[in-house]
Structures are given as structure tokens and as C-alpha cells.
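Data first, discussion second: the structure below is written as C-alpha cells.
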Amino acid sequence: MAFDCDVLIAGGGPTGVTLAILLARRGMNVIVAEKEAAIHPLPRAAHIDHEGMRILQEAGAAEAVLATSRRAKRYEFRNARGQVLMCLEGSDQLGAGGWPIANMIHQPSVEAALRRSLALQSNAVLHGQWEVGSFEEDADGVTAQLATPEGARTVRARYLVGADGARSPVRKAVGVTFDDLGFEEPWLVVDVLVDDPSRLPDANLQICDPARPTTCVLMGEGRHRWEFMILPGETPEQVTDDAFIARLLEPWNVHGAVRLERKAVYTFRARIASQWRKGRVLLAGDAAHQTPPFAGQGLCSGLRDGANLAWKLAAVVGGKAPEALLDTYQTERAPHLRATIEMAIMMGRMVCTTSRWSAFVRDAKIRLARALGKLPSGAPEYPPIGAGAILAGSPGAGHYFPQVVASGDFHLDERLGVGASLITRSDLVKPELAPFAAGLAAWLDAHGARAVLMRPDRYVFGTGEPGHLRAEWQAMTGCDLA
């Protein structure tokens, strides 16, 4: 059978659309099948970090997202008396990705920006009201049956990616189960439109009050969010009543300053799929993992999935790389996700204590840790890639390569292509890299390296002699350097 596309993506949310753009930029033909007719109009995710923004930069959406996002200088954990237990500072500063560390967003605006960028790709298309149903895999591809407004349709693709959310029909169809990481708490999410921002906090807050653990965070321009832990005996119908919500907001003194936009009950979970690839079917985003929201990494993790998977799929479909390269996707991403989820669980358990005695003990331990200088004070750091498509043993291999920003807000990636980049010390005098020379030289000096080979997803393949790096990259991935 002839192929309708190289990659069929089930799910047109941020993960699926970002992956589609990154694949299209690498010459792949992509169809995105989204079961809904339009972008969900109400906010869901609230945060994208600097690395996620760098991925959106490659996807052509970062500037539009930045224009409607907001930044807070602090992320505070307070106890019931309002005392600051822990404070993460500097989240409005530039991170290693070359963008602000924490960007509070309006998800529908993010999705709109991504879809505008997708529409500019001649070899990718998103179809609304297309839903992937059954599918069959053979040695060469996947044949999927889809429901569309025009009736049943068959789509043949070389690979199918399930980016279709936490309930992922694609994941269920291939029989992949979740590993439960032991966190499940029901919360009420309240989103508001802001009429008087002067009456709202300018920091992101976790209120570690055993009487009612509460989150209060900025969102995209003109919006704010509260999350309230649902206590034993309370029902979804009870907590979503407008009068009940008004009582919850009363201590914040925002009556007349905000208008209710959305209320929803969510169960915050920590789960990771046992398999991210099963033959020619792969999973990404919430279909592969779910994390509690306390570290703000749900959407970011899906974007990282897309960045990791896009260049590997393109290399395999293009006939340059062996299919085994796709196995490094889970090898690389799953340990990172587990560390991210564990951090979110740690934050969540710090917040979700409902015993006054446990809260007293917690506060005492945190005060001691602060006195000993053992509390984190800045943005969290995520672990490097430990195994996969890297030159293990070379300094910096598997670490995130920073995006240097030159005067005038020029970003390094703007001078690089979508492929891997080999940067040597002699390259630093070239006109395209000269504005970034100081930052690049500092990184090379710190790692005692003559050259660095950066993967397409901006992680370090390895450092060493240029010829050796080039040969090792070609041997491992089948890909030549530009």
C-alpha cells in the first residue's frame, strides 16, 4: 500500500503539534489527527520552563508565547501562619535554554501559536474531528482506521505516535500499562480572569496548610489560578459549587478583582508507561507519563518528548539510522521523567500534609535544613542523559547544552540548523558564531574540550577531537553532519 504520510500523530495538543512541526522541518510528511473540532478554549497547563521555550523557538512559536506569558520572581512554600518555608528565587531570569526560567502561560494561546506555525509547514496538516480508531502494524508501517466528518477513512503511515492524552486510546490499543509511582490526590482547580491585578499575589505560592493545602499561581496575561486540595468526605459536586468556591477565595480578599472562568476537579497522579515504543507505535506526552503539577513540568515534559523523538524518527524514516535508534527514546527520557516526577512528588507531599502534627514536624525539619544551607534556592536542575545516543565517558556527554544569547537578544540556535552541530574552538571566529564566542568558549573551557557535538535536541552528544566526534556520531546514528 502507498503511504499517506511518514508519521501519523494521534492528538493535536501541544505535544502532538510540536512534534509535527519538528518532523516537518526535517522533511517528514505528517498528519495530525485531533478528535476535537477546535482548541479547547479553557486553560489547563500553566507553566513552560526555559527548555520548553527553546523547543517552541525551534517550532516557531516562542515569541508569540512569550508575548502573552507572565513571570514571577519567586516560588514560595508557606506554612499555615504565612511563614516562608522555602523560596525558589530568580525564576524570571534567563535559564540555560536562553529564555526565562519560568513562564506562566495561557494554554489556548500556546496551542494557537503552535497551530499557526504548523499551518506554515507545507508537508504537515492537522485535521480536526479526526479520531484514530483501530490500527494494524506490519513490517513496513501502520494502517489506521479513522472516524472523520466525511466518514470512515484509512491512513497508512510508517509510524504512529500516540500523543492523545492521559486516557490515550493508542496506548490502550497496544496494551501498554502504567507504572504507578505512588501519588494520587484529588484537587479543585479554579481559574479566574483578573480585573484588578494589584490585589493578587505577584509570586507563585504553595500554602502548606494542613487545614486546606492550596496553590496560588500566575497564569497567562489577565489570568490567575488557585488549586485547593479536596478533603475527605467532600464531593466534586460540593467543591465546584460557586458559593463553595467563593468561601475558599474569601481569605484572599479578591472579591470584585476576579471573575470565575473555569472550575474543575482533577486527580493529580504520578505514572509512567512501561513501554514508550511498541514496534512502529510510540507514545508521547500525557499518553506516556503523568506528573503532579507542583514542579510545573507536565507540558514541559511533553515538549521534551517531541524534541527527543523528532530527530530520531526523521533519521530512521529517512533511511539513515537503524530502527534501534528509536529505542533510545525511552532509555533517555524515562529516567529524566522519573526524576522530574519524584521532585514533584516531594513538593506535593510537602504541600499535601493534612496532619497538624506532621506539618509541625515538617516545618521543623525545613527550618533545620535552611539553617544548614541544604534547601534549594533557585530553579531546579534536571539530570543529564545517562545512557542512549551519547558518547558516554566524554566530558559533558548527556548534559543540556546552553543556548547563548548575544546582545540584541540574538539566540544561538537561530544560527544553527535543525541537525546536529559540531562546534570547535576555531569556529568561534566565524561571523555566524562570533557574537556567541565568549559563552561558547567558557563552556568548552569548563569541560576541557576542543570541540563539542550538540544533538538536534540540544543535548550534548560528546566532546573531544572534531574528527572523532564526527565519526562516532555517524556510527551511532547513521547521520552525517551538515
Side-chain angles (χ1 to χ4, degrees), residues 13-15 18-19 44-56 75 77 86 88 91 95-97 99-105 107 163 165-166 168 178-185 187 204 206 215 217 227 266-276 282-309 328-352 375-388 390 398-402 457-460:
T15 297
T18 298
L19 174 60
R44 286 173 288 180
H47 169 260
I48 299 177
D49 65 10
H50 61 96
E51 188 174 344
M53 289 295 292
R54 188 179 188 179
I55 296 167
L56 293 182
Y75 184 21
F77 290 71
M86 182 174 72
L88 304 179
S91 54
W99 295 87
I101 289 170
N103 305 274
M104 309 308 295
I105 55 104
Q107 183 172 332
S168 177
F178 272 124
D179 295 336
D180 194 319
L181 302 185
F183 187 95
E184 187 167 324
E185 297 284 355
W187 282 62
N204 289 332
Q206 294 288 355
T215 299
V217 295
E227 296 169 351
Y266 281 95
T267 299
F268 298 157
R269 292 187 173 93
R271 305 190 298 183
I272 189 164
S274 56
Q275 285 180 271
W276 295 26
L282 300 107
L283 303 174
D286 287 352
H289 44 76
Q290 287 122 54
T291 178
F294 304 102
Q297 286 297 304
L299 175 54
C300 301
S301 295
L303 296 177
R304 289 187 180 94
D305 292 347
N308 186 290
L309 187 55
T328 67
Y329 169 52
Q330 182 174 356
T331 299
E332 294 177 357
R333 290 290 300 130
H336 188 285
L337 254 299
R338 287 183 182 274
T340 300
I341 291 171
E342 286 169 5
M343 178 178 61
I345 289 174
M346 179 275 292
M347 290 180 172
R349 287 179 175 156
M350 179 177 173
V351 174
C352 293
L375 283 183
S377 58
E381 295 184 5
Y382 302 104
I385 294 169
I390 60 172
H399 285 258
Y400 187 61
F401 192 83
D457 58 1
R458 313 314 185 191
Y459 279 78
V460 176

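Bear in mind that the values here come from a model prediction, so they are computed numbers and not experimental data. For the single chain, residues carry numbers from 1 onward in sequence order.
The main-chain N or O of G95 is never found under 3.5 Å from a side-chain atom of H50 such that the two would form a donor-acceptor pair. Side chain of R333 to main chain of S301: a donor-acceptor pair is present (N/O by atom type, distance under 3.5 Å, no hydrogens or angles). Judged purely by atom type and a 3.5 angstrom limit, Q206 has no side-chain atom pairing as donor or acceptor with the backbone of M350. In this structure, the side chain of N103 engages the main chain of I48 through a donor-acceptor pair within 3.5 Å. With N204 contributing its side chain and V217 its backbone, the two residues share no donor-acceptor pair below 3.5 Å.
Here CG of L337 is found 6.0 Å from CG of D305. Values are rounded to the nearest 0.5 Å. Atom NE2 in H47 sits 9.0 Å away from atom CD1 in I101 (nearest 0.5 Å). If you take CG on L283 and OG1 on T15, they are separated by 11.5 Å, rounding to the nearest 0.5 Å. Separating the CD1 atom in I345 from the CZ atom in R338 is a distance of 10.0 Å, to the nearest 0.5 Å. Going from atom CD1 of I341 over to atom OG1 of T291 covers 5.0 Å, rounded to the nearest 0.5 Å. From L299, atom CG reaches atom CG of L56 across 7.5 Å, with rounding to the nearest 0.5 Å.
Using a 3.5 Å distance cut-off with no hydrogens or angles, the side chains of Q290 and R269 do not pair a donor with an acceptor. Between the side chains of E227 and Y266, no donor-acceptor pair is found at a separation under 3.5 Å.
Between L309 and L282 the shortest side-chain heavy-atom distance falls below 4.5 Å. Side-chain atoms of M346 and F183, non-hydrogen and from C-beta on, never get closer than 4.5 Å to each other. Side-chain contact between H399 and Y459 is absent, with no heavy atoms from C-beta onward closer than 4.5 Å. Looking at heavy atoms from C-beta onward, F294 lies out of side-chain contact with F77 at the 4.5 angstrom threshold. For the pair N308 and E332, the minimum side-chain heavy-atom distance is below 4.5 Å. Residues P14 and Q107 have side chains in contact (heavy-atom distance under 4.5 Å, counting atoms from C-beta outward).
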* Criterion side chain to side chain contact (heavy atoms under 4.5 Å, CB included) on T267 and E185, from CA distance to verdict -> CA-CA 5 Å; T267 299; E185 297 284 355; over 6 Å; no
* Test ring pair (Phe, Tyr, Trp, His ring centres under 6.0 Å) on W187 and F268 and set out the steps. => CA-CA 7 Å; W187 282 62; F268 298 157; 5.5 Å; yes
* Asked: Can you check salt bridge (Lys or Arg N to Asp or Glu O under 4.0 Å) on D49 and R304, steps first, answer last?
  -> CA-CA 11 Å; D49 65 10; R304 289 187 180 94; 2.7 Å; yes
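Remark: A46 engages M104, M219, R225 in a side-chain contact (heavy atoms from CB on, under 4.5 Å) (not counting sequence neighbours). Evaluation of the ring pair (Phe, Tyr, Trp, His ring centres under 6.0 Å) rule for W276 yields H289, Y329 as partners, not counting sequence neighbours.
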